[in-house]
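Have a look at the structure below before the remarks.
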Amino acid sequence: NAGVTQTPKFRVLKTGQSMTLLCAQDMNHEYMYWYRQDPGMGLRLIHYSVGEGTTAKGEVPDGYNVSRLKKQNFLLGLESAAPSQTSVYFCASSGGDSTGELFFGEGSRLTVL
Amino acid sequence: AQSVTQLDSQVPVFEEAPVELRCNYSSSVSVYLFWYVQYPNQGLQLLLKYLSGSTLVKGINGFEAEFNKSQTSFHLRKPSVHISDTAEYFCAVSRTGFQKLVFGTGTRLLVSP
């Protein structure tokens with residue numbers, strides 16, 4: 001059972017470079033999310049989507065863009081990476097049953113030099 | 001808006017001892033409450049959840065949590081921990097009818113022999 005799959009799992013970037021993280025889910029979930037995890041700060045919501053073609057800002061959206069062109073995929077883009085974006089990024093999805101229960105991917109560790 | 005406080009950033013405990021991880025939340029409306037566990041280098045997985053009904057919730061791996069509305073708490077307990085319980089534990093809250101979870105900063109449980 002794949003569930004939520006993130007690629008790549010590791011990436012090192014130089015300041016100013018761009019990249020895209022891909023999240024794919026096979027549970028037919030309506031809702032998808034991108035979080036970042038930093039020591040002592042827990043998980044903070046970057047952007048989320050409530051359905052195909054929709055996106056919305058979360059708690060820390062600056063410096064990131066997202067797209068949800070297909071229901072199963074949610075892309076997180078960094079147009080010009082900064083050292084402050086060094087973090088572990090988690091994608092999650094939920095089925096829209098109003099409880100908010102999330103299903104997580106295994107994470108993508110990004111280092112910006 | 002909801003918020004979650006996990007006062008203990010780290011809890012060391014010996015194997016087979018009981019443990020309690022504390023979680024307090026603030027919300028003026030009805031909420032759903034969750035505990036997630038993150039093992040080293042993995043994503044988060046659901047440990048247990050409170051949606052409604054009995055205030056004592058049982059989860060996987062022998063964990064349980066009690067919802068206390070008057071104290072706005074949702075503490076996680078296990079009567080006897082194992083080495084394999086070493087992980088980071090996150091408490092989270094969502095407002096009923098909404099899809100966004102708010103996470104606490106996490107508590108690292110360190111179980112030693």
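Order of the sequence lines sets the chain letters (A, B, ...), proteins ahead of strands, with each chain counted from 1. The structure presented is a predicted model; accordingly, all values stated were derived computationally and were not measured.
When each of A:Arg44, A:Lys9, A:Glu106 is checked for heavy-atom pairs under 4.5 Å with chain B, A:Glu106 comes out on top. Contacts with chain B were tallied for A:Met41, A:Gln37, A:Arg109; A:Gln37 has the most, counting heavy-atom pairs under 4.5 Å.
For A:Leu45, the part lying under 4.5 angstrom from a heavy atom of chain B is the side chain only. Neither the backbone nor the side chain of A:Glu59 comes within contact range of chain B; no heavy atoms are under 4.5 Å apart. For chain A, the nearby part of B:Leu46 is the side chain; its heavy atoms alone come within less than 4.5 Å. With a threshold of 4.5 angstrom between heavy atoms, B:Gln38 approaches chain A through side-chain atoms but not through N, CA, C or O.
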Next item on the list: I would like to know whether B:Val37 and B:Phe63 meet side chain to side chain contact (heavy atoms under 4.5 Å, CB included); could you show each step before the answer?
Entry: CA-CA 11 Å; B:Val37 59; B:Phe63 283 92; over 6 Å; no

Next item on the list: Would you please test B:Ser70 and B:Asn68 for side-chain hydrogen bond (donor to acceptor under 3.5 Å, both in side chains) and show each step?
Entry: CA-CA 6 Å; B:Ser70 63; B:Asn68 187 319; 2.7 Å; yes

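Between B:Leu76 and B:Leu48, the closest side-chain pair of non-hydrogen atoms falls below 4.5 Å. Side chains of A:Tyr89 and A:Leu110 form a contact here, defined as non-hydrogen atoms less than 4.5 Å apart.
Interface with chain A: from residues 104-113 of chain B, residues B:Gly104, B:Thr105 qualify, criterion being any non-hydrogen pair under 4.5 Å.
Between B:Glu64 and B:Arg77 there is no salt bridge, since no side-chain N of the basic residue sits under 4.0 Å from a carboxylate O of the acidic one.
A:Ser49 pairs with exactly one of A:Glu30, A:Arg68, A:Lys71 by the side-chain hydrogen bond (donor to acceptor under 3.5 Å, both in side chains) rule, that one being A:Arg68. Residue A:Tyr64 is tested with A:His47, A:Glu79, A:Arg36 for a side-chain hydrogen bond (donor to acceptor under 3.5 Å, both in side chains); the sole match is A:Arg36.
The aromatic ring centres of A:Phe103 and A:His29 sit less than 6.0 Å apart.
Panel note: side chain A:Gln6, backbone A:Leu21; no donor-acceptor pair is recorded below 3.5 Å.
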